[in-house]
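Side chains included, hydrogens not; waters and symmetry mates left out as well; all remaining heavy atoms used.
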Amino acid sequence: QVQLVESGGGLVQAGGSLRLSCAASGRTFSSYVMGWFRQAPGKEREFVAAIRWSGGSTYYADSVKGRFTISRDNAKNTVYLQMNSLDSEDTAVYYCAARPQIFFTTDRRSYDYWGQGTQVTVSS
C-alpha cells in the first residue's frame with residue numbers, strides 16, 4: 001500500500017520561502033515519477049513539478065520555473081518542494097502524487113497515488 005504524507009505547509013509573507021516534504025512508503029519507487037500538484041479555491045488541480053526518482057530528472061510548470069525546486073532524498077524516501085519568492089497566486093493546497101511510470105506527464109489522471117495535501121497560504 002503506497003502512502004504519501006505531505007508536511008511543511010503554512011502561512012508565509014509574499015517574497016518568502018517554504019519547503020514541503022512528501023514521505024513515501026509502501027513501495028520501491030525507483031521506477032516512479034513523483035509529482036507536486038496544487039489546487040486553489042474554485043480552481044482545478046494543476047501540475048507544479050515532477051521528478052524521476054531514478055536519476056533525478058525534473059520538470060516544472062512555467063509558472064514556478066526558477067522559483068521552485070523539486071528534489072528527492074533516496075535514503076529518506078522523501079521528495080521535497082523548495083518554494084522561493086512566493087506570491088499570493090501560490091496560495092493553494094499542495095499535493096504529492098506518485099506515478100508508476102518513468103515518463104513525465106502533467107496530467108493528474110496519470111498519477112495513481114496521492115497524499116492528503118498541505119495548505120500553503122501566502123499573505124500580501
Enquirer: So S123 and L11, side-chain contact (heavy atoms from CB on, under 4.5 Å) or not? Walk me through it.
Expert: CA-CA 7 Å; S123 63; L11 175 64; 4.2 Å; yes
Enquirer: Grouping I, L, V, M, F, W and Y whenever their side-chain heavy atoms are under 4.5 Å apart, do F47 and L81 come out in a common cluster?
Expert: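 No, because F47 and L81 fall into different hydrophobic clusters, even though each may have its own neighbours under 4.5 Å.
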Enquirer: Should W36 and M83 be marked as a side-chain contact (heavy atoms from CB on, under 4.5 Å) after you check the CA-CA gap, both sets of side-chain angles, and the distance that decides it?
Expert: CA-CA 12 Å; W36 284 98; M83 306 185 295; over 6 Å; no
Enquirer: State whether the number of non-hydrogen atoms from other residues, nucleotides or ligands found under 6.0 Å of E89 atom CD is greater than 12.
Expert: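 Open.
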Enquirer: Would R45 count as a cation-pi partner of F37, with NZ or CZ less than 6.0 Å from the six-membered ring centre and within 45° of the ring normal?
Expert: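 No; the conditions do not both hold, so R45 does not lie above the ring face of F37.
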Enquirer: Is it true that, when you exclude Q3 itself, more than 12 heavy atoms of the residues, nucleotides or ligands shown sit nearer than 6.0 Å to its CD?
Expert: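 For Q3, atom CD is not crowded (no more than 12 foreign heavy atoms under 6.0 Å).
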Enquirer: Tell me whether R52 contacts the main-chain N or O of S57 through its side chain, where contact means a donor paired with an acceptor under 3.5 Å.
Expert: no
Enquirer: Is it possible for you to say whether I51 and L18 belong to one hydrophobic cluster, with membership spreading through side-chain heavy-atom contacts below 4.5 Å?
Expert: yes
Enquirer: Under a 3.5 Å distance rule, please check whether T91 uses its side chain to pair with a backbone N or O of V122 as donor and acceptor.
Expert: yes
Enquirer: Tell me, with the steps shown, if Y95 and L4 meet side-chain contact (heavy atoms from CB on, under 4.5 Å).
Expert: CA-CA 9 Å; Y95 297 91; L4 304 174; over 6 Å; no
Enquirer: Provide the closest heavy-atom pair for A24 versus M34 in the form atom of the first, atom of the second, distance.
Expert: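 Scanning both residues, the minimum pair turns out to be CB-CE, 4.3 Å.
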Enquirer: Donor-acceptor check, side chain of T105 to backbone of D107, threshold 3.5 angstrom: yes or no?
Expert: yes
Enquirer: Step through the shown structure and confirm whether more than 12 heavy atoms of other residues, nucleotides or ligands are within 6.0 Å of OH on Y59.
Expert: no
Enquirer: Donor-acceptor pair, distance only, cut-off 3.5 Å: does the side chain of E6 make one with the backbone of Q116?
Expert: yes
Enquirer: Evaluate R67 against D90 for side-chain contact (heavy atoms from CB on, under 4.5 Å), listing each step before the verdict.
Expert: CA-CA 11 Å; R67 300 189 299 125; D90 297 314; 2.8 Å; yes
Enquirer: Where the side chain of R99 meets the backbone of V33, is there a donor-acceptor pair that is under 3.5 Å apart?
Expert: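 Pair absent, no side-chain N/O of R99 close to backbone of V33.
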Enquirer: Is any side-chain heavy atom of R27 closer than 4.5 Å to a side-chain heavy atom of Y32?
Expert: yes
Enquirer: Looking at CD of Q82 and CD1 of I70, how far apart are the two atoms once the value is rounded to the nearest 0.5 Å?
Expert: 12.0 Å
Enquirer: Of all the heavy-atom pairs spanning A40 and A92, show the shortest one and how long it is.
Expert: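 In this case the closest contact between A40 and A92 is N-CB, 3.8 Å.
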Enquirer: For the residue pair Y94 and F68, does the interplanar ring angle fall in the parallel (under 30°), tilted (30 to 60°) or perpendicular (over 60°) class?
Expert: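 Rings of Y94 and F68: tilted, as their planes differ by 30° to 60°.
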